[in-house]
Amino acid sequence: MKKILLLSSLLLSSLAGFSAKDRPMMGWSSWNAFKVHISENIIKRQAFLLDSLGLSKLGYKYVNIDDGFFGYRDKKRGIVANPQRFPNGLLPVTDYIHSLGLKAGIYSDAGTRTCGSMWDNDVNGNVAGLYGHEASDCKRYFRDWNFDFIKVDYCGAQSVGMDERRRYTSIARSIAQYGRPDVKLNICRWAFPGTWVEKLACSWRISGDIQTNWNSLKYVIGKNLYLSAYARNSHYNDMDMLIVGMRGKGQLQGEGLTDTEDETHFGLWCMMSSPLLIGCDLSKLPAQSLALLKNKELIDVDQDTLGLQARVYQHQGETYVLAKDLVRRNGGVRAVALYNPADTASTFRVPLADLCLSGKVKVRDLLRHQWLKSVKNELLMSVQPHATACLRLEAQGIAEPRHYEAEWAYLPMYNDLGNRKYQILPAVIPGASGGMGVINVGGQKGNYMQWDDVYSVKGGEYNLEVTYANDRLNQYNKAKETRTMVVWVNGKEAGRAECPYGEGCKKATMKITLHQGLNVIRIGNNASWSPDIDCIDLTTLQ
């Protein structure tokens, strides 16, 4: 039994080829431009262009073959590539990709069939899923054909009601055991599947498929605004393949984005540390789109060594201010995005104190590659409709963070699958800062919210002020009840607050002690419901 447990532990530790230094994946993928209509010549041509256009030198290293390469299953050889599309098989394709110094990616489904077989009439995909064939398919993809990455969809699994966690755990173990332990896995469940995914995959899709229109782009961005806590430890929220440069009819659904919308698209993918997988036909890429994809200043934000996803620091009307540390935590350098999805121009006023910056602050426009006028106290800027100002701020001075939004917290029992009653999640709370908070906290052990990066310069005693709302009826008996909020600091219970029922946001305070450096603050209740949480604020005690 000990040997079995040890083997299981070793397999889990090697799943998805994790490395502490991994950055969001960069490369090209076939689906957006070609869907199932791919071939050996198409893949080789795109790999050649990725290299010859200078994109590979900037980090675009993966050439991923998506749905459509399947032919049939052979009793002896296992899965066989489509003989019309890949007459020489897939090994010559991966050999060519590797000869360019690039890496090769492949595709499958967690169930019995692929999405292309269901929605694109690719009948060969009817028997192409991993279910029932994990060992043979993993040997074929990663040992025989030498692929380095796999995206695993969920179309064929959804139709038979499989459990996501069990299914993907089995697949990840098979990849490590029968394929190669260095293979990277992307889980494509079209929604944040749950915190368990971090142990299995290097990235995971958080939304349905992106389409080539502005409303689709807004939808994907909106799905990722409050998932920053789950992009950590070299694992990332995947906002789907890029549609930069895809113009004209017949491109997925829509006729493409404007140049301004393309900039918002690429800029926010970089701000949110999403994988950057080009989705267009590189042979038809407009010069302006190529220049955007080669914007090294934005790429550096995506590939920053901290691997952080930007958080929402301000939400007013339709606009959002997102920011994240660069280079080192709680240093003087921030990446900031002023995102205006509205149909009219908007003026942003961002107090620099809210970003913990002080003194003279240098402002770099990352899209235009130019320094703007330095600012003090406040960042004031007008942003056009559907545009985003992507900035790098460098400050003379920094301040200790004192305000933490609930939406920044890690929720270990959260998922976006819609399969759980009274799900803990970020949600609208009237009167809350930014209009958002976290609801359905507590009620059982493990259903808590946690800030993992509460920073104290010197450590010591603080006054903790928690802004909460308790104006929703008990989910079970519809009673108006007092709820108890329990606070833990660095793993130890620090205090409790009784929160009576009533309308509007209220505050509870208690004294806590923080260590020097990073601290962990947790709010929940192992036995009963906690109130909904808006934010926490810290002040030092003299």
Side-chain angles (χ1 to χ4, degrees), residues 19 21-29 46-64 100-103 202-203 217 221 231 234 236-246 257 259-280 282 285-310 322-328 331-339 361-372 374 381 383 387-395:
S19 166
K21 297 181 180 179
D22 282 347
R23 302 290 165 247
M25 180 178 290
M26 298 176 64
W28 176 88
S29 188
Q46 297 298 314
F48 169 79
L49 289 169
L50 195 70
D51 184 54
S52 63
L53 291 172
L55 290 160
S56 62
K57 293 179 182 178
L58 293 168
Y60 295 94
K61 293 294 187 182
Y62 281 82
V63 177
N64 296 339
L100 297 174
L102 305 174
K103 293 183 178 293
C202 61
S203 61
L217 183 67
I221 294 168
S234 299
Y236 304 99
N237 295 305
D238 178 8
M239 299 170 74
D240 205 359
M241 294 162 283
L242 295 163
I243 55 172
V244 171
M246 297 185 69
L257 305 176
D259 290 338
T260 296
E261 292 164 352
D262 260 354
E263 291 177 346
T264 286
H265 174 22
F266 190 69
L268 287 179
W269 262 237
C270 292
M271 285 293 300
M272 293 183 171
S273 295
S274 175
L276 301 178
L277 293 173
I278 301 168
C280 66
L282 293 173
L285 186 60
Q288 184 165 335
S289 299
L290 176 60
L292 179 60
L293 292 170
K294 295 176 75 172
N295 185 321
K296 189 176 184 304
E297 293 189 71
L298 283 174
I299 291 172
D300 286 347
V301 171
D302 181 80
Q303 300 287 299
D304 182 70
T305 54
L306 295 179
L308 301 177
Q309 176 175 319
L322 298 96
K324 67 177 179 179
D325 291 339
L326 295 178
V327 184
R328 70 182 180 90
V333 182
R334 306 275 189 277
V336 177
L338 311 181
Y339 168 47
V361 176
K362 297 170 64 177
V363 182
R364 175 79 172 176
D365 185 334
L366 301 179
L367 281 164
R368 305 292 172 256
H369 307 292
Q370 61 186 12
W371 290 101
L372 306 179
S374 296
M381 187 174 293
V383 178
T388 299
C390 296
L391 310 170
R392 176 186 172 100
L393 303 187
E394 299 180 5

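All residue numbers refer to positions in the sequence shown, counting from 1.
- Within a 6.0 Å sphere centred on NZ of K103, heavy atoms belonging to other residues, nucleotides or ligands number 12 at most.
- A heavy-atom distance below 4.5 Å is found between the side chains of L367 and L292.
- Side chain of K324 to backbone of M272: no donor-acceptor contact under 3.5 angstrom is found.
- Minimum heavy-atom separation, S234 to R23: OG-NH1, 4.4 Å.
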Between S274 and D238, is a side-chain contact (heavy atoms from CB on, under 4.5 Å) present by the stated rule, with each step listed? CA-CA 5 Å; S274 175; D238 178 8; 4.1 Å; yes
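- The minimum heavy-atom distance between V336 and A323, with the atom names listed, is CG2-CB, 4.0 Å.
- In this structure, CD on E297 lies 12.0 Å from CZ on R368, to the nearest 0.5 angstrom.
- When atom types are taken as modelled, the side chain of S273 and the backbone of G307 share no donor-acceptor pair closer than 3.5 angstrom.
- Put simply, SG on C390 and CZ on R364 are 13.0 Å apart, with the number rounded to the nearest 0.5 Å.
- Between L242 and M246 the shortest heavy-atom distance is O-SD, 4.3 Å.
- Checked by atom type and distance alone, the side chain of Q303 pairs as donor or acceptor with a backbone atom of P24 at under 3.5 Å.
- L366 pairs in a side-chain contact (heavy atoms from CB on, under 4.5 Å) with only one of the listed residues (I299, L391, L298, D300), which is L298.
- With rounding to the nearest 0.5 Å, the separation of CZ in R392 from CG in L326 is 5.5 Å.
- Put simply, the side chain of Y60 gets close to the backbone of L293: a donor and an acceptor are under 3.5 Å apart.
- The closest side-chain heavy-atom distance from C280 to V244 is not below 4.5 Å.
- Residues H369 and N295 form a side-chain contact, since some pair of their non-hydrogen atoms from C-beta on lies under 4.5 Å apart.
- Listed for the S52 side chain is a donor-acceptor partner under 3.5 Å among the backbone atoms of F48.
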Take Y339 and V383 through the side-chain contact (heavy atoms from CB on, under 4.5 Å) test and state the conclusion after the steps. CA-CA 8 Å; Y339 168 47; V383 178; over 6 Å; no
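- The side-chain heavy atoms of M381 and L372, taken from C-beta on, include a pair separated by under 4.5 Å.
- Panel note: side chain T264, backbone T388; a donor-acceptor pair is recorded below 3.5 Å.
- One distance of note links CG of L276 with OG of S29; it measures 13.0 Å at 0.5 Å rounding.
- Of the inter-residue distances, the one linking I278 atom CD1 with L50 atom CG reads 5.5 Å to the nearest 0.5 angstrom.
- Between the side chain of W269 and the main chain of L277, no donor-acceptor pair closer than 3.5 Å is present.
- Remark: the backbone N or O of I243 is paired with a side-chain donor or acceptor of H265 at under 3.5 angstrom.
- Going from atom CG of L290 over to atom CG of L55 covers 5.5 Å, rounded to the nearest 0.5 Å.
- Side-chain atoms of Q46 come within 3.5 Å of backbone atoms of L282 as a donor-acceptor pair (strictly under, hydrogens ignored).
- The closest donor-acceptor contact from the side chain of D304 to the backbone of V327 lies under 3.5 Å.
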